[in-house]
A.B. asks: 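There's a structure below that I have some questions on.
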There are 2 protein chains.
Amino acid sequence: MKLVRIYQCLCDETRLRILNLLAQRPLCVCHIQEVLARSQVQVSQHLSRLKKDGLVEANRHQNWMIYSLPKKVPQALEAHLRCLQDCIQTEPVFKSDLQALKKMKADCDWIDEVVSPKNSTAQV
Amino acid sequence: MKLVRIYQCLCDETRLRILNLLAQRPLCVCHIQEVLARSQVQVSQHLSRLKKDGLVEANRHQNWMIYSLPKKVPQALEAHLRCLQDCIQTEPVFKSDLQALKKMKADCDWIDEVVSPKNSTAQV
DNA sequence: TGACAATATACGTCAAATAGAATATTGGTT
DNA sequence: AACCAATATTCTATTTGACGTATATTGTCA
């Protein structure tokens, strides 16, 4: 993957906010939409942009698309995502996004179950 | 400095190539122009873009503007520039730019003298 | 199957970024 | 002062990106 592509993905604040959220946990579109207070279309478009370049991956579960950071990414990308994580919390938007996310914890706990079920028969 | 600004600077390949060159040594516009085989205007415009956000600094020496990476940059920027440096050599363009630069070494050695003169009276 | 919920895609529009041409600026030289 | 070399700026055309509206897709459930 070309280096410049990474930066082209990261050069939009909405996408940075999305990645910041996904760095916490897998989420479905509606949760992201709610935290960012952006339209469904906008969130969806940014997500598909990120997916196109492999910065996120998507898995459908029933009606919901669960987006997450891929477990395994190219080395350059991994380095940059780590660097991003190191720097991002110094900015208020990102911090408050995480707080908003925490408040919704109950709403998205089921996702953790789906992604890494403790009991493999316990599917929703 | 806002994080997204950093990425907006880095999301253009020409600018990445410029930064890659400047990571080696201070250079004047005409050298960059030659290595990148881009027009004077284009190089100048990208440089002024980078300067606007503090990714490079400029010092005039006679007819020449000497561009260089600032010694001291904000922490987030520094982290990202380091990350960039770690990753950039895996791509052919950047590697060959450095080789082209080496071939011009003789042409730009005077810059090193100007930037950090061994003998302070030895100005061109 | 019909209706609904969650998400995606298509298309048009507007703003911002890029590149090129022409011109301006700055400093040195004669 | 006239001229030249190096670089910057302005103006304009073109491209690209973001966003909104409308619509399509996919899966669930009655």
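Owing to the predicted nature of the structure, the values given are computational and were not obtained by experimental measurement. Chain A is the first sequence line, chain B the second, and so forth, proteins listed ahead of strands; every chain is numbered from 1.
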A.B. asks: Nearest-Å distance, NE2 (H31(B)) to C1' (dT7(D))?
C.D. replies: 14 Å
A.B. asks: Evaluate the ring planes of H31(A) and W110(A), with Trp represented by its six-membered ring, and classify them as parallel (under 30°), tilted (30 to 60°) or perpendicular (over 60°).
C.D. replies: tilted
A.B. asks: Checking R5(A) against L77(A) for the side-chain contact (heavy atoms from CB on, under 4.5 Å) test, could you report, in this order, the C-alpha distance in whole Å, the side-chain angles of both residues, the deciding distance, and whether it holds?
C.D. replies: CA-CA 10 Å; R5(A) 287 299 203 79; L77(A) 177 54; over 6 Å; no
A.B. asks: Using only side-chain N and O atoms of S44(B), determine if any of them is under 4.0 Å from OP1 or OP2 of dA8(D).
C.D. replies: yes
A.B. asks: Using the side-chain heavy atoms of V29(A), tell me which of these nucleotides is nearest: dG27(D), dA8(D), dT7(C).
C.D. replies: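 That would be dT7(C).
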A.B. asks: Should Y67(B) be listed as having a side-chain N or O under 4.0 Å from OP1 or OP2 of dA6(D)?
C.D. replies: no
A.B. asks: Figure out the CZ/C1' separation between R5(B) and dA17(C), and round it to whole Å.
C.D. replies: 14 Å
A.B. asks: Determine whether a donor-acceptor pair (N or O, by modelled atom type, separation under 3.5 Å) exists between the side chain of R60(B) and the backbone of Q62(B).
C.D. replies: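 Indeed, once roles are kept as given, a pair shorter than 3.5 Å links the two residues.
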A.B. asks: Specify the separation, in whole Å, of atom CD of Q8(A) and atom P of dA18(D).
C.D. replies: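 So the CD-P distance, Q8(A) to dA18(D), works out to 10 Å.
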A.B. asks: Under 3.5 Å, is there any donor-acceptor pair linking the side chain of Q45(A) to the base of dG20(D)?
C.D. replies: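 Counting by modelled atom types and ignoring angles, a donor-acceptor contact under 3.5 Å is found here.
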A.B. asks: Verify, without hydrogens or angle tests, whether R15(A) (side chain) and Q8(A) (backbone) share a donor-acceptor contact under 3.5 angstrom.
C.D. replies: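 Yes: the side chain of R15(A) pairs with the backbone of Q8(A).
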A.B. asks: In whole angstrom, what separates I66(B)'s CD1 from dT7(D)'s P?
C.D. replies: 9 Å
A.B. asks: NA contact type, S39(A), heavy-atom cut-off 4.0 Å: base, sugar-phosphate, or nothing?
C.D. replies: sugar-phosphate
A.B. asks: Only one of R17(B), Q33(B), Q45(B) passes side-chain contact (heavy atoms from CB on, under 4.5 Å) with R38(B); say which it is.
C.D. replies: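 Running side-chain contact (heavy atoms from CB on, under 4.5 Å) over R17(B), Q33(B), Q45(B) with R38(B) returns exactly one hit, R17(B).
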A.B. asks: Whole angstroms only, please: what is the CZ-C1' distance between R49(A) and dA8(C)?
C.D. replies: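 In whole Å, dA8(C) C1' and R49(A) CZ are 17 Å from each other.
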A.B. asks: Return the value, rounded to whole Å, for the distance between atom CE of M65(A) and atom P of dA5(C).
C.D. replies: 20 Å
A.B. asks: Which part of the nucleic acid, if any, lies within contact of R38(B), taking any heavy atom under 4.0 Å across all strands shown: a base, the sugar-phosphate backbone alone, or nothing?
C.D. replies: nothing
A.B. asks: Which nucleotide in the set dG27(C), dA8(D), dA8(C) lies at the smallest distance from any side-chain heavy atom of Q40(B)?
C.D. replies: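 Out of dG27(C), dA8(D), dA8(C), the nucleotide with an atom closest to Q40(B)'s side chain is dA8(D).
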A.B. asks: Quick one: which of dG27(D), dG27(C), dA18(D) gets closest to the side chain of D12(A)?
C.D. replies: dA18(D)
A.B. asks: Grab the CG-P distance between L27(B) and dA6(D) for me, whole Å please.
C.D. replies: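 Taking atom P of dA6(D) as the reference, CG of L27(B) is at 15 Å.
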A.B. asks: Within the 4.0 Å heavy-atom criterion, would you say V41(A) contacts the bases, only the backbone, or no part of the nucleic acid?
C.D. replies: base
A.B. asks: Please pick, from dA8(C), dA18(D), dG28(C), the nucleotide with the shortest atom-to-atom distance to any side-chain atom of Q62(B).
C.D. replies: dG28(C)
A.B. asks: Counting side-chain heavy atoms from CB outward, which of dG27(C), dA6(C), dC11(D) is closest to N63(A)?
C.D. replies: dA6(C)
A.B. asks: Find the distance L50(B):CG to dA17(C):C1' and express it as a whole number of Å.
C.D. replies: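 After rounding, the reported distance stands at 14 Å.
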A.B. asks: Can you tell which of dT10(D), dC19(D), dT26(C) lies closest to the side chain of H46(A)?
C.D. replies: dC19(D)
A.B. asks: Look at the side-chain N and O atoms of R15(A) and state whether any lies under 4.0 Å from the OP1 or OP2 oxygen of dA18(D).
C.D. replies: yes
A.B. asks: Does D12(B) use its side chain to pair, donor to acceptor, with the backbone of T14(B) at less than 3.5 Å?
C.D. replies: yes
